[in-house]
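Every chain is numbered from 1 and lettered A, B, ... according to where its sequence line falls, protein lines coming before strand lines.
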2 protein chains.
Amino acid sequence: MGVNIKDIAKAAGVSTATVSRVISGKPGVGEETKKKIKQIIEEMGYRPNLGARGLAKRRTGNIGIVSPRQSNIVLGNPFFISILEGVSHVLDQHDYNMVLSFTLSQQKRLLETHSVDGILLFAARIGDPVLEWLDASKLPTVVIGSYQDENAYPSVRPDDEGGIYQAVKYLIAKGHTRICFVNGPLSSIKSIRCRNGYLKAMEEEKLEVTSEQIIEVPEYDVLVSLKTMNRLFKEGKFQSTAVVCASDYLALGVMKAAISNGIAIPNDLSLIGFGDVPFAELSHPSITTMHTDLKKIGSQAAQMLINEIKGKKIRKRNRVFPMELVERQSVCALKQ
Amino acid sequence: MGVNIKDIAKAAGVSTATVSRVISGKPGVGEETKKKIKQIIEEMGYRPNLGARGLAKRRTGNIGIVSPRQSNIVLGNPFFISILEGVSHVLDQHDYNMVLSFTLSQQKRLLETHSVDGILLFAARIGDPVLEWLDASKLPTVVIGSYQDENAYPSVRPDDEGGIYQAVKYLIAKGHTRICFVNGPLSSIKSIRCRNGYLKAMEEEKLEVTSEQIIEVPEYDVLVSLKTMNRLFKEGKFQSTAVVCASDYLALGVMKAAISNGIAIPNDLSLIGFGDVPFAELSHPSITTMHTDLKKIGSQAAQMLINEIKGKKIRKRNRVFPMELVERQSVCALKQ
DNA sequence: CTGAAAGCGCTTACAG
DNA sequence: CTGAAAGCGCTTACAG
């Protein structure tokens with residue numbers, strides 16, 4: 001099992017307490033002794049056992065990332081990846097490890113076995129079993145993305161409502177009036193917020209919203225979106241000249257379905273995505289979309305969690321990041 | 001800190017040893033006692049402390065996933081995501097947590113602090129500093145993907161060489177002779193293997209390979225591929241009628257560059273990708289590509305690692321998964 | 001400035 | 001079938 005603190009103490013002719021002090025940079029050790037111990041640590045290749053340290057200090061040094069969604073949907077989503085990058089950067093500076101959980105049983109274990117010091121909760125939906133375990137665990141938690149109850153945990157999220165609102169307004173400014181909205185499932189609070197943004201913009205402009213104009217796709221996934229839209233286009237009842245989507249992936253599905261049904265984008269149909277993932281720029285045509293600083297959302301959330309763990313007061317519990325429109329090729333002004 | 005094993009022991013009027021036996025399902029506890037203890041555990045909501053258990057059993061219950069590449073490149077890559085899904089599934093069954101490391105310092109900590117019981121190494125390149133730490137850590141390790149030394153660690157990987165070989169042969173069967181190859185950097189062993197497959201197929205058919213026909217892109221990334229190809233197309237010296245790529249992402253970059261330079265795919269240029277990530281099917285045109293069972297690669301690697309940790313003999317240390325061609329829309333027969 | 005000792009929460013020979 | 005005790009590798013009052 002390698003060399004431990006006792007070995008070092010013995011070799012240096014001091015107590016383990018002194019060695020421990022040197023390792024953790026605590027004051028109160030003579031320069032001479034410190035130097036000697038450091039040298040011996042180097043020579044013997046000593047590496048602290050984080051588990052043991054954790055036991056003694058009653059912390060684990062791990063942060064759990066939990067998302068109730070299927071791993072492929074979350075991890076395969078550049079949206080989350082970018083956020084994770086930000087998270088990773090901050091945890092790094094504070095010497096935390098990231099423990100990911102993709103399955104229900106992993107999440108349960110994570111939350112019930114004192115394996116982590118705090119939780120970053122992603123993409124939760126109403127009714128997710130994880131929420132109950134989380135609650136019972138009493139673990140410091142920060143939510144990333146929209147959540148049912150802003151008061152339950154501190155949170156960081158993009159301004160979903162404002163983002164969609166802006167997108168709709170932009171299309172209206174381009175002359176569109178028959179604008180439909182492709183949304184994710186309403187079990188996601190994000191979807192509800194996005195929906196509100198859409199309705200608000202339409203109402204403000206006194207544009208009628210028929211039930212066909214809100215298309216709810218059961219999952220934030222390209223393929224699901226593709227299938228749903230394919231059916232719609234084939235039925236021939238699709239009347240809109242523009243569509244706003246609650247995610248870039250949804251938009252990509254719409255685009256693919258449109259193309260294979262002979263609907264040209266943007267000439268026959270204008271399209272706006274949401275999130276600005278790398279693919280939005282790479283598709284053909286490139287997708288006009290709503291952008292926000294995902295990495296920063298991640299790093300702020302991580303920072304808040306660390307403060308929470310340290311028992312520091314959090315100034316602003318719920319942070320909302322503004323979104324801005326990125327103009328690309330998928331929108332054009334409506335021709336009369 | 002919640003209720004611990006002592007509390008349970010006291011409440012049940014037994015020793016902690018007995019409680020421990022019940023928890024870990026060890027034999028040698030009376031039915032009555034066992035029942036009683038189980039009930040009390042339930043009532044008091046006891047959850048074992050994995051850290052403490054780990055200290056006592058000299059294991060951590062964690063598996064580290066390390067990839068020397070930048071997080072966005074690895075994690076943003078559906079190729080790895082699919083593999084991770086397979087990994088996740090197996091680790092789950094064996095009650096292991098997954099600890100991810102995205103940055104150098106995280107990896108160093110992971111490898112030097114007894115934080116994990118084993119390592120799954122992804123996408124290593126020659127000269128990566130991680131390799132040295134890994135080596136020094138003496139941790140059980142399984143490599144996923146091509147690696148410099150097949151004997152160093154057990155490994156699981158797709159048949160890179162055979163895959164590219166098949167792709168080239170397929171194009172030749174379609175009448176192409178001027179076939180170029182877009183590869184990743186040669187610091188990656190995967191790239192070297194892919195290159196060999198290309199050369200082998202071309203040589204077998206006695207087709208000349210000029211130096212311009214092998215295009216080495218410095219990173220397995222869409223944008224980098226896009227830029228490189230854009231430059232090439234603009235120079236106007238591009239002579240091939242078909243291109244094989246060492247990854248779907250590379251292929252996507254080629255496609256995007258071709259389209260924006262007025263080169264139609266597949267009519268002007270046939271294109272084959274590698275890996276069959278979800279986007280290969282969703283692009284327009286959809287990409288003909290080499291497919292393999294990525295999830296299975298992940299689950300096999302995880303299983304091998306667990307066997308390694310348990311000290312079981314591994315029957316076959318280096319496993320190679322065959323690849324097969326998936327015909328889509330990005331290739332057409334050469335018109336004379 | 002330094003050490004002896006207790007403790008973190010669990011497991012596991014050993015003894016009975 | 002069960003318990004007392006030692007131990008996993010560290011930290012931290014406490015005392016000097």
Span that lies between the P atom of dC14(C) and that of dC10(C), in whole angstrom: 24 Å
Which whole-number value in Å describes the distance from Ile8(A) CD1 to dG9(D) P? 13 Å
Base, sugar-phosphate, or nothing: which does Gly30(A) touch, judged by heavy atoms less than 4.0 Å apart? sugar-phosphate
So for atom CD, which belongs to Gln93(A), do other residues, nucleotides or ligands contribute more than 12 heavy atoms lying within a distance under 6.0 Å? yes
Any side-chain heavy atom of Asp92(A) sitting closer than 4.5 Å to one from His89(A)? no
Distance check needed: dC1(C) C1' versus Lys34(A) NZ, whole Å only. 11 Å
Heavy atoms of other groups near Glu132(B) CD, more than 12 under 6.0 Å: no
Canonical and wobble pairing (Watson-Crick, G-U, under 3.5 Å) of DNA chain C, dot-bracket with |: |||.||||||||.|||
How long is the gap from OH on Tyr153(A) to CD on Glu308(A), to the nearest 0.5 Å? 10.5 Å
For atom NZ of Lys36(B) and atom P of dT2(D), their distance in whole Å: 10 Å
Give the rounded distance in Å between these two atoms: NZ of Lys6(A) and C1' of dA5(C). 13 Å
How many angstroms lie between atom CG of Asp293(A) and atom OG of Ser82(A), to the nearest 0.5 angstrom? 9.5 Å
CG of Asn4(A) versus P of dG7(D): gap in Å, rounded? 13 Å
Should Ser115(A) and Val99(A) count as side-chain neighbours, where that means a heavy-atom distance under 4.5 Å? no
Distance, nearest 0.5 Å, that separates CD1 of Ile297(B) from OG1 of Thr292(B): 4.5 Å
So do the side chains of Tyr147(B) and Leu131(B) get within less than 4.5 Å of each other, counting heavy atoms only? yes
Distance, rounded to the nearest Å, where Glu32(B) contributes CD and dC1(D) contributes P: 12 Å
Taking all heavy atoms of Ser191(A) and all of Pro185(A), pick out the closest pair and write down the distance. OG-O, 2.7 Å
Among dG9(C), dT2(D), dC8(D), which nucleotide has an atom closest to any side-chain atom of Thr33(B)? dT2(D)
Please report, rounded to the nearest Å, how far the P atom of dC8(C) is from the CG atom of Leu50(B). 19 Å
Would you mind reading off the distance between Arg59(B) atom CZ and dG9(C) atom P, rounded to a whole angstrom? 20 Å
What is the per-nucleotide protein-contact pattern of nucleotides 11-16 of chain D, from the 5' end, where B denotes a base atom under 4.0 Å from a protein heavy atom, S denotes such proximity for sugar-phosphate atoms only, and - denotes neither? BBB---
